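Only this structure's heavy atoms are used, side chains among them; waters, hydrogens and symmetry mates stay out. Keep in mind the model is a prediction, meaning the values are calculated, not measured. The first residue in the sequence is number 1, and the count goes up from there.
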Amino acid sequence: MVLTTVGRDRGLWLYGFERETFGRVTSAGPSLSPIWTRDGQRITYAIGTPGDTLHSTRADGRAPSELVMRSPLNLVPAAWTPGDRQLIYYSIPEQAGAPTVWLKDLMDGSEPRELIRPLPLMGGVDLSPDGRWMAYHTQESGQQQVYAEAFPGPGPRIPVSSTGGGSPVWRADGRELFYARPTREGQARGA
């Protein structure tokens with residue numbers, strides 16, 4: 001598992017469940033929002049406060065990080081497509097505007113393509129293991145809900161949750177989609 005720490009030792013760390021150990025992956029600057037490549041060999045993450053560059057590093061830490069892309073907007077990596085050729089990410093305007101989801105083919109040098117127009121409080125993007133469905137949450141209906149839509153589109157957009165939900169994650173075989181759902185107590189507190 002890869003995670004971000006805060007405080008003086010801010011950076012990316014790997015946690016090994018079998019041995020219950022931590023190992024540092026990055027050390028330069030605040031490293032945020034890490035995701036794995038599909039092959040499990042690399043970690044892609046944002047650097048900066050706010051993050052305006054995306055980087056990639058080998059998970060074993062045996063090589064320096066590489067710049068993936070730079071933008072004047074805040075960037076958040078979301079998921080790699082099968083084959084690790086295309087990166088799904090979102091850009092967030094500095095004035096707290098709604099995020100836009102993009103697809104960037106890193107092999108052909110083409111311009112990024114907008115996948116999802118700006119939606120209120122959108123996030124939690126995850127791509128199914130077969131690369132056919134993209135899940136995310138948004139608060140466009142007034143309550144945060146989870147949706148799935150055909151990838152790369154066009155195709156149907158399917159509501160997944162009906163009583164609130166966020167942070168969807170596909171099961172490894174793609175047959176189920178898990179997401180966090182607020183509890184009644186959490187709703188009462190506004191969480």
Side-chain angles (χ1 to χ4, degrees), residues 2 32-40 43-46 50-52 54 68-69 71-184 186-191:
V2 63
L32 312 164
S33 307
I35 62 166
W36 290 94
T37 54
R38 293 288 178 133
D39 65 9
I43 299 166
T44 305
Y45 58 96
D52 61 357
L54 297 183
V68 174
M69 62 187 303
S71 171
L73 302 174
N74 301 324
L75 301 176
V76 179
W80 284 96
T81 60
D84 295 323
R85 178 184 172 132
Q86 297 173 312
L87 176 64
I88 299 170
Y89 68 96
Y90 34 108
S91 61
I92 305 169
E94 286 189 32
Q95 301 301 320
T100 302
V101 178
W102 300 90
L103 178 68
K104 171 74 173 160
D105 190 316
L106 296 168
M107 300 297 181
D108 70 7
S110 61
E111 290 297 313
R113 180 170 65 96
E114 184 177 283
L115 288 178
I116 303 174
R117 63 182 168 75
L119 296 172
L121 299 175
M122 198 281 285
V125 176
D126 195 25
L127 189 64
S128 64
D130 64 5
R132 295 180 57 209
W133 292 93
M134 182 171 53
Y136 56 91
H137 64 250
T138 179
Q139 203 171 36
E140 68 180 309
S141 68
Q143 180 183 26
Q144 185 170 291
Q145 300 288 1
V146 174
Y147 298 89
E149 64 181 64
F151 178 84
R157 178 179 183 215
I158 302 167
V160 175
S161 63
S162 59
T163 58
S167 303
V169 176
W170 292 95
R171 191 169 83 177
D173 64 6
R175 293 178 179 248
E176 286 186 281
L177 181 62
F178 301 100
Y179 60 91
R181 192 173 80 197
T183 63
R184 289 180 189 229
Q187 289 173 337
R189 289 194 316 254

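- Under the salt bridge (Lys or Arg N to Asp or Glu O under 4.0 Å) criterion, Glu140 pairs with Arg117, Arg157, not counting sequence neighbours.
- Atoms OH and OG, on Tyr89 and Ser33 in that order, are 14.5 Å from each other to the nearest 0.5 Å.
- The side chain to side chain contact (heavy atoms under 4.5 Å, CB included) check on Asp130 picks up Ser128, Arg132, with sequence neighbours excluded.
- Taking every heavy atom of both residues into account, Leu115 and Pro152 meet most closely at CD2-O, 4.0 Å.
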Can you list, pair by pair, the side-chain donor-acceptor contacts under 3.5 Å of residues 166-175, counting residues two or more places apart and other chains?
residue: Trp170; atom: NE1; partner: Asp126; partner atom: O; Å: 3.3
residue: Arg171; atom: NE; partner: Asp173; partner atom: OD1; Å: 2.8
residue: Arg171; atom: NE; partner: Asp173; partner atom: OD2; Å: 3.4
residue: Arg171; atom: NH1; partner: Glu176; partner atom: OE1; Å: 2.5
residue: Arg171; atom: NH2; partner: Asp173; partner atom: OD1; Å: 3.2
residue: Arg171; atom: NH2; partner: Asp173; partner atom: OD2; Å: 2.7
residue: Asp173; atom: OD1; partner: Arg175; partner atom: N; Å: 3.0

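- Between the CG atom in Leu121 and the NE2 atom in His137 there is a gap of 7.5 Å [rounded to 0.5 Å].
- Of all heavy-atom pairs spanning Gln143 and Gln145, the tightest one is OE1-NE2, 3.0 Å.
- Residues Met69 and Leu75 approach most closely at CG-CD1, 4.1 Å, considering heavy atoms.
- Checked against side chain to side chain contact (heavy atoms under 4.5 Å, CB included), Ala148 has the following partners two or more places apart in sequence or in another chain: Trp133, Val160.
- When the side-chain hydrogen bond (donor to acceptor under 3.5 Å, both in side chains) test is applied to Trp102, the partners found at least two apart in sequence or on another chain are Ser91.
- For the atom pair CZ of Phe151 and CG of Leu127, the computed distance is 5.5 Å after rounding to the nearest 0.5 Å.
- A distance-only check finds no donor-acceptor pair linking the side chain of Arg38 to the backbone of Arg85 [under 3.5 Å].
- The closest donor-acceptor contact from the side chain of Gln144 to the backbone of Gly165 lies under 3.5 Å.
- A distance of 8.5 Å separates CD1 in Ile92 from CE in Met122, rounded to the nearest 0.5 Å.
- Scanning both residues, Ala98 and Pro120, for their nearest heavy atoms gives CB-N, 4.1 Å.
- Taking each heavy atom of Ala150 and Gly155 in turn, the nearest pair found is CB-CA, 3.8 Å.
- Between the CD1 atom in Ile35 and the CD1 atom in Ile43 there is a gap of 10.5 Å [rounded to 0.5 Å].
- Every residue meeting the side chain to side chain contact (heavy atoms under 4.5 Å, CB included) condition with Leu106, not counting sequence neighbours, appears here in chain and number order: Val68, Trp80, Leu87, Lys104.
- Between Ile116 and Thr100, the shortest heavy-atom contact is O-CG2, 3.4 Å.
- One finds the CE atom of Met107 at 8.0 Å from the CG atom of Asp84 (value rounded to the nearest 0.5 Å).
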